[in-house]
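Below is one structure, written out as structure tokens; the observations come after it.
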Amino acid sequence: MTTAPIFIGYYTMLRKDIRRILRIWSQTLLPPVVTTTLYYLIFGAFIGSQVQPIDGFSYMQFIVPGLVMMTVITSAYMNTVSTFYFAKWVHTLDELLVSPMPSWVVIAGFVSGGVARAVMVAVLVLIVSLFFTHMTIVSIGIVIAAILLTAILFALAGLLNGMFAKSFDAISIIPTFVLTPLTYLGGVFYSIDQLPEFFRIISLANPVLYMVNAFRYGFLGISDVPIGLAFGVMIGFIVVLLAIVLWLFHKGAGLKN
Amino acid sequence: MEDSVPALRIEDLKKLYAKDKKVAGTEALKGVSLTIQKGEFFGLLGPNGAGKTSLIGIASGLVVKTSGTVEVMGSPIDTDPVTAKTHIGLVPQELNFDIFETPLNIIVNQAGYYGIPRATALPRAEQILKDLGLWDKRDVASQKLSGGMKRRLLIARALIHEPRILLLDEPTAGVDVELRRGMWEYLRKINAAGTTIVLTTHYLEEAEQLCKRVAIINKGEIIEQGSVKELIGKLSFATLLLDTVEPVTPAQIALMRDLPVTVIDDNTLELTLKPNEIVNDSIRLMTKIGISIKNIRNSGSRLEEVFVNLIEKGS
Ligand SMILES: Nc1ncnc2c1ncn2[C@@H]1O[C@H](COP(=O)(O)OP(=O)(O)OP(=O)(O)O)[C@@H](O)[C@H]1O
Ligand SMILES: [Mg+2]
């Protein structure tokens, strides 16, 4: 395939997924908006008014980037894990596997669907946040890069989960037992500088911390970790996950029920 | 030069399904070699579990082979999978489209995966859906199609990128007789227009009707291949039905022990002759023991029998 047909294949996959996301918006877009609005209300407005400002920003301003990142992570992950597992389950994955699209295009198609949903949800919850506080933007480039890289990373992770999942139950195990704890403990609600030394160091092993902080830096200009390191961590994870997914596709593993 | 390249060349193809926690490993293909020329209408016959779907899966890129060579229109699937896949249209054994999508979307999306823009795919899809009698249903969720319509949708989807080779894995399973004949007609037309067709089926009538050449596969091995006529001629057992004037007595039956005769009822005997056996020899003995034959009917010799005989011999 030359460049143009590959692009048509990729675009077809992405278009199909975006139409699906919009068609079932009450399952794909609405829940994270409702949940995040509740977080804004409870932590930002009710509890947050009692909390000391962090680095000169109100608690509400501090948690908005973290909460947006949390929805980006879950939306990207849930999108690929479910579209991929469903495609495998009902064998529509075969439509892609018989086509001349190289594996990397198929992977890009799935991942982009996850990124698209994550970006849509992020924009929505950012708009909602404006009803609660005003947000500054220090660097729009860093904001966009952090959203995209995080979405790609977790879309890949979701894809990998979908490849290994043997049942519909299995696709909720990782989100519940790995993803949720990592995000809750990933500096969404607090600065790790406020933690005792021991927990501060442990927190540094949590990849989500780097994404949340990079994103927060883009808005507020503050971060618990060096920005360069944060982007390095994201890119590093993406490279490793992508390599694993490509290798599994090449072996034909995880593509059949 | 181009013309001497076969549509599909398979050499010493092996497939070993790795053993799972529950099931032991299966050698689904044990070194299959097969060459199908351009423009052929080829039949692949075999009982359940023979390896037909595995073979078709490998050729179409769904199943990873263990070893061997597969070339599609001269392009090896290992080194040039993109070209090989562009030439193949697959009609799978199991339904595998998105049941929430409409037929039109399913087909146009499939075209997209082959790099065909929507603007080109839409008129093509219209033509194919009309040819297959699905145009009225183009915007209905495909789960609402009847079983026969779903089968035809699989064919439509396989043809949207105008493949040179159409692989059909039991395309008419569960399709009624009338519809099946309609599908045969359509497939013949496509074949006449130049598409090479490889068909697997359990309906031997289908193979006899459509295919010029067939291969019979059993337990992962090709046990026979050739033209349909040849196969029937060479291997079949001619079966004759003899109507007797008088009812046959047990004594007479005992005397016919050595003849290839089965008693159907008191007045009917069935004589099964191998290719080199002569009718006269049996009739002569029957005459001698006092059986008069009123009438001889030919019960025909069908691929069905060839098939059963071969499989039995093999096991
Ligand atoms: N994914 C798989 N994993 C393990 N074993 C498999 C798999 N697919 C097929 N087999 C085994 O390989 C053998 C050949 O199967 P295959 O589906 O190719 O047969 P078939 O000729 O298409 O049969 P049928 O006429 O029933 O469709 C069978 O023993 C089957 O159990
Ligand atoms: Mg089969």
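Computed from heavy atoms alone, side chains included, the values below leave out hydrogens, waters and symmetry copies. Just so it is clear, the model here is predicted, and its values are computed rather than measured. Labels below follow one simple rule: chain letters A, B, ... track the order of the sequence lines, proteins then strands, and each chain is numbered from 1.
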Please round to the nearest 0.5 Å and tell me the distance separating atom CZ of B/Arg118 and atom OG1 of A/Thr12. 7.5 Å

Reported OG1-to-CG distance for the pair A/Thr92 and B/Asp98, which is rounded to 0.5 angstrom: 6.0 Å

If you draw a 6.0 Å radius around [atom1] in [X], do more than 12 non-hydrogen atoms from other residues or ligands fall strictly inside?
{"X": "A/Tyr11", "atom1": "OH", "value": "no"}
{"X": "A/Tyr40", "atom1": "OH", "value": "yes"}
{"X": "B/Lys144", "atom1": "NZ", "value": "no"}
{"X": "B/Lys137", "atom1": "NZ", "value": "no"}

Contacting moiety of A/Phe86, where chain B heavy atoms sit under 4.5 Å: side chain

If I measure from the heavy atoms of chain B, does A/Arg15 come under 4.5 Å with its side chain, its backbone, both, or neither? side chain

Taking the side chain as every heavy atom from C-beta outward, state whether B/Tyr114 and A/Pro100 have any pair of such atoms under 4.5 Å apart. yes

Is there a side-chain contact between B/Ile106 and A/Glu95, using heavy atoms and a 4.5 Å cut-off? yes

For chain A, the option from B/Ala84, B/Ser60, B/Gly61 that forms the most heavy-atom pairs under 4.5 Å: B/Ser60

Shorter than 4.5 Å, heavy atoms on both sides: which option in B/Val64, B/Thr86, B/Asn109 has the most such pairs with chain A? B/Asn109

Would you find a donor on one side and an acceptor on the other, under 3.5 Å apart, between the side chain of B/Lys85 and the backbone of A/Leu97? yes

Side chain, backbone, both or neither of [X] within contact of chain A (heavy atoms, under 4.5 Å):
{"X": "B/Pro117", "value": "both"}
{"X": "B/Leu90", "value": "side chain"}
{"X": "B/Glu101", "value": "side chain"}
{"X": "B/Ile99", "value": "neither"}

Pairing residues for B/Glu221 by the salt bridge (Lys or Arg N to Asp or Glu O under 4.0 Å) criterion, not counting sequence neighbours: none

Sole residue of A/Val98, A/Leu96, A/Val106 in side-chain contact (heavy atoms from CB on, under 4.5 Å) with B/Tyr113: A/Leu96

Residue pair B/Gly115 / A/Ile8: nearest heavy atoms and the distance that separates them: O-CD1, 3.3 Å

